Amino acid sequence: MVSGEKGEQAGRPGEQAPGGEQLALIRETVRKAKEPRAKPRTWRGAALAEGLPVARVLVDKGLVHLDQFFDYAVPAAMDEDARPGVRIRVRFGARVVKGRREGGTLHDGFIVERRADSDFAGPLAPLAQVLSTEPVLTPALLRLCRQVADRYAGALADVVQLAVPPRMARAEREPSPDPLPDPAPPAPGPWTRYPTGPAFLQALARGDTPRAVWLALPGPHWPLELATAAATALAAGRGALVVLPDGRSAARVDAALTALLGAGRHVLLTADAGPEERYRRWLAVSRGAVKAVVGTRAAMFAPVADLGLVALWDDGDSSHAEPHAPQPHAREVLLLRAREERTALLLGGITGTVEGAQLVDSGWALPLAAAREEVRAAAPLVRTVGDADQARDEAARAARLPSLAWRVTRDALAHGPVLVQVPRRGYVPRLACDRCREPARCAACSGPLEVREEGGTPSCGWCGRPAADWHCQECGGFRLRASIVGARRTAEELGRAFPKVPVRTSGRDTVLATVGAAPALVIATPGAEPVADGGYAAALLLDGWALLGRPDLRAGEEALRRWALAASLVRPAGQGGTVVVLAEPTLRPVQALVRWDPAGHAVRELAERAELRFPPVARMASVTGPPAALAEFAELVRLPEGTEVLGPVPYRVPRAQGGEGWERLLYRVPPGQGGALAAALKAARVARAARAAQLPLLLRMDPPDIG
DNA sequence: AGCACGCCGACT
DNA sequence: GTCGGCGTGCTC
C-alpha cells in the first residue's frame, strides 16, 4: 500500500500543534470576563439587526500584531449583507470625548462571525459599510489562515492578506460558470514507470489519503504525472491543488491538465494572468465552480472545496518561501492542509529535500521512486571534470575550456542542442587562489575578496579596500580564480569555438520556455533552462565551483538540485545524452549526480542534520534586532522547556532597512516542540506590543540562513 | 501602529 | 504665565 494511513507519528506533520493553546490565548484577550448582555449597546441609536446584531470583525491593518478580533454592531439595513466572510469597512481607533465618539479612521476588514452578543463591555460602534457580499474569508479559509499564523508566530491579518486576493469589483459581479460533472479517471500513463505509482493513483481514486515523497524520473513527463494525479482526485469527486515554483512549470502542468480533462475543470493561478483575471479564477474556486487549481506559491491558500490532494513540485526551490510576513513556506502550508483537511499529498521533484526525506523517515509519507534500471534508462551519462583533470589539461588551461567539455560539446552538437549552465550574473562568489584554492582574504581585515564587475579590481567584501596586489598567504600564488568570470568566459569561448552554431541565452531578463531540436548552444542560468524539444544532446554545468563554495547549510542539496534539474532536460544516456559537470568528483553532491541518486543524498544530509541537531531535525526560530530589543524580548519570553538559546551574535541585516549593530538570537527546540516555541514567541511579541515597543524586532520561524 | 491625554523646561 | 517634550494607555 502506498498510503501512510497509520496515523500521525512524531515528526513535523504529526506534531500535535499547541495551536490550541494559542487559540485559547487569543480568545482570552477577546473574552475579557464580563458576561454577555442581552442587547449590546451601541453608539448612535440606529436600528440594529434583529437576529444577530453583533459582527465579530478582523480589522485589516489596525493592531495587527495584537492579533485580536473586534466586535461591531450590525445596523438593520446591513443585516442581510453582513454575512461571515464578507469584506466590510469599520471605523477604528475612535476616542470618547464628552460621551461622543470622535475620530477613528476607516479600516478594511472581514466579518468572521455573526453573534447574538458581545463580550466587549463598552458600547459597540456600528459597521460602516459592507464592501461586498462575496464571502471570501470562508470559515475553512479562516481556519487555515489561523493555523498558518500560529505555525509561524505571525498575525492572522498578515496571513489573510496573503490568502485572500484584493477585490476586483468587475470580476465579482460576473457569475462563475456552472461546475462540470466529475471526469472519468485518467489512465495512469507515465506513472506505470514507478513500482508504486499505480497504487498511489488507486488509493487516490478510492478517496484515500496516500502521502508520497516522489522522486521524478528525469525527462519531460512529470507535468503529465502531476496532472494525472490531480485528475484522479477530481475523478474521485474531490478537489486538487498543485503548487509549482514558477509560472513556466505551472503552465506546463496547466497544459497537461487541459489535455487530459479539457478546459473548465481547473484554473491556473499565477501572476501572469493579471489581478482581475486572477481574481476571477480565484472566485471560481472559492464559489466551488472549479475544484482543481494549478498555480505558484500564493495558490497554496486556494480555498478548494473538499480538497482531496495537495501536490508540490520541487520543494527545494527557494521561491516556495513567501517573502511577506510571516514568511510561510508552501511545503509547510500544504503539509498543514494535508493534515487538517485530510488530503493526499504528493511532494515531488527531480531531487528531494531533507524535509522530504524526514517525512519518509518518520513514516508519515512513503517514498515513491522508480526502480534502478528505470532510472538508468532515463538519466543521462554524467561525467566530471575535477581540479586535477583541469590542471593536467594544458590545452584546457590555455583555452579556459576543459578538453572533455569541448569534445562532448562538439560531438553532441551533431545531434541536437547543448545546454550550458552558467552562474547567475550578479552572484558574487568568493575569490580563491587559482593554484591552491585557499579563499582569498583581505590583507587588512581578513574579509573575503570579491569582484563586483567583470574585469574589475577585486576588493574586500567587508572593508571595501581594493586588493590589486593580492598574493596567496598559503602558497604565494598571485592569480585569483573567479568562477563567474571563468564560466561566462567559457561560454563565450564555446560560442567562438563553434561559430556556425547559433547561441541562445536564457536568464534573468529573458527566460526562454523552450528551444527547438536543432543544434544550438543554449546558455542559461540555473532555473532558467529552457526545455528542449526532444531533449538536449548534452549539458555543461559550469557553475559547480560557485554553487558548492557557499557557506550554507543547503549548499550541497541546492547544487545537486540545480544540476539535476538541468541534467533532467538531457536525453537519456542510451540516446547519447551526456552531462559534464565542472566540480570535484569526490564531493557528495557530485557523486549523487553521477550515480543519479538524489534519494541517497537527501538521506545522508538528513542523518548529518540529525547529528548536528540542525533543522528540520530540530525546529529553530530567530529574533533579530538591536541588542536592547533582544534583551527586552528575552526577558519577556517564556520559552517552552528544553529550548536552547543560541547567541546573540552580531548579525548583518540583509536589507538596508535594519541598521548597524544588530544582533541575532536563535532558539532551538526538539522536533515536535515547534508549535510551543511559536506560541511562546508570539505571546512575547504581543506582550511587547501592548507595552510601548519602539525598538524594531524581526521574528522568524525556520530562518533560512543558518550555518 | 496611531493618537490623545498628561505633567515638567525655555520662550513671548 | 504658555507652548510643547514624548511617557502611557486605548482602540470594538
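Just so we're clear, the structure is a prediction, and the values are computed from it rather than from any experiment.
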Which whole-number value in Å describes the distance from [X] [atom1] to [N] [atom2]?
{"X": "Arg685(A)", "N": "dA1(B)", "atom1": "CZ", "atom2": "C1'", "value": "13 Å"}
{"X": "Leu58(A)", "N": "dT11(C)", "atom1": "CG", "atom2": "C1'", "value": "15 Å"}
{"X": "Leu124(A)", "N": "dT11(C)", "atom1": "CG", "atom2": "C1'", "value": "13 Å"}
{"X": "Asp67(A)", "N": "dA1(B)", "atom1": "CG", "atom2": "P", "value": "14 Å"}
{"X": "Leu106(A)", "N": "dG2(B)", "atom1": "CG", "atom2": "C1'", "value": "15 Å"}
{"X": "Gln68(A)", "N": "dC12(C)", "atom1": "CD", "atom2": "P", "value": "11 Å"}
{"X": "Asp119(A)", "N": "dT11(C)", "atom1": "CG", "atom2": "C1'", "value": "16 Å"}
{"X": "Lys61(A)", "N": "dT11(C)", "atom1": "NZ", "atom2": "P", "value": "22 Å"}

query: Is the backbone of Asp79(A) close enough, under 3.5 Å, to the side chain of Arg114(A) for a donor and an acceptor to pair up by distance?
result: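 Pair found, side chain donor or acceptor close to backbone of Asp79(A).
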task: With the side chain of Leu63(A) defined as its heavy atoms from C-beta on, choose the nearest nucleotide among dC10(C), dT11(C), dC12(C).
output: dT11(C)
Shortest side-chain distance from Ala125(A), nucleotide among dG9(C), dT11(C), dC12(C): dC12(C)
message: In the structure I gave you, are the side-chain heavy atoms of His320(A) and Arg331(A) within less than 4.5 Å of one another anywhere?
response: no
- prompt: Looking at Arg101(A), does any N or O in its side chain come under 4.0 Å of the phosphate oxygens OP1/OP2 on dT11(C)?
  reply: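 For dT11(C), neither OP1 nor OP2 has a side-chain N or O of Arg101(A) closer than 4.0 Å.
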May I have the list of side-chain donor-acceptor pairs in residues 294-304 of chain A shorter than 3.5 Å, sequence neighbours left out?
{"from": "Arg297(A)", "atom 1": "NE", "to": "Glu322(A)", "atom 2": "OE1", "distance (Å)": "3.1"}
{"from": "Arg297(A)", "atom 1": "NH1", "to": "Ser319(A)", "atom 2": "O", "distance (Å)": "2.9"}

- prompt: Has Phe70(A) got its ring stacked on the base of dC12(C), with centres under 5.5 Å and planes less than 30° apart?
  reply: no
- request: For a side chain to side chain donor-acceptor pair (under 3.5 Å) with Asp702(A), tell me which candidate from His329(A), Arg619(A), Gln327(A) qualifies.
  value: Arg619(A)
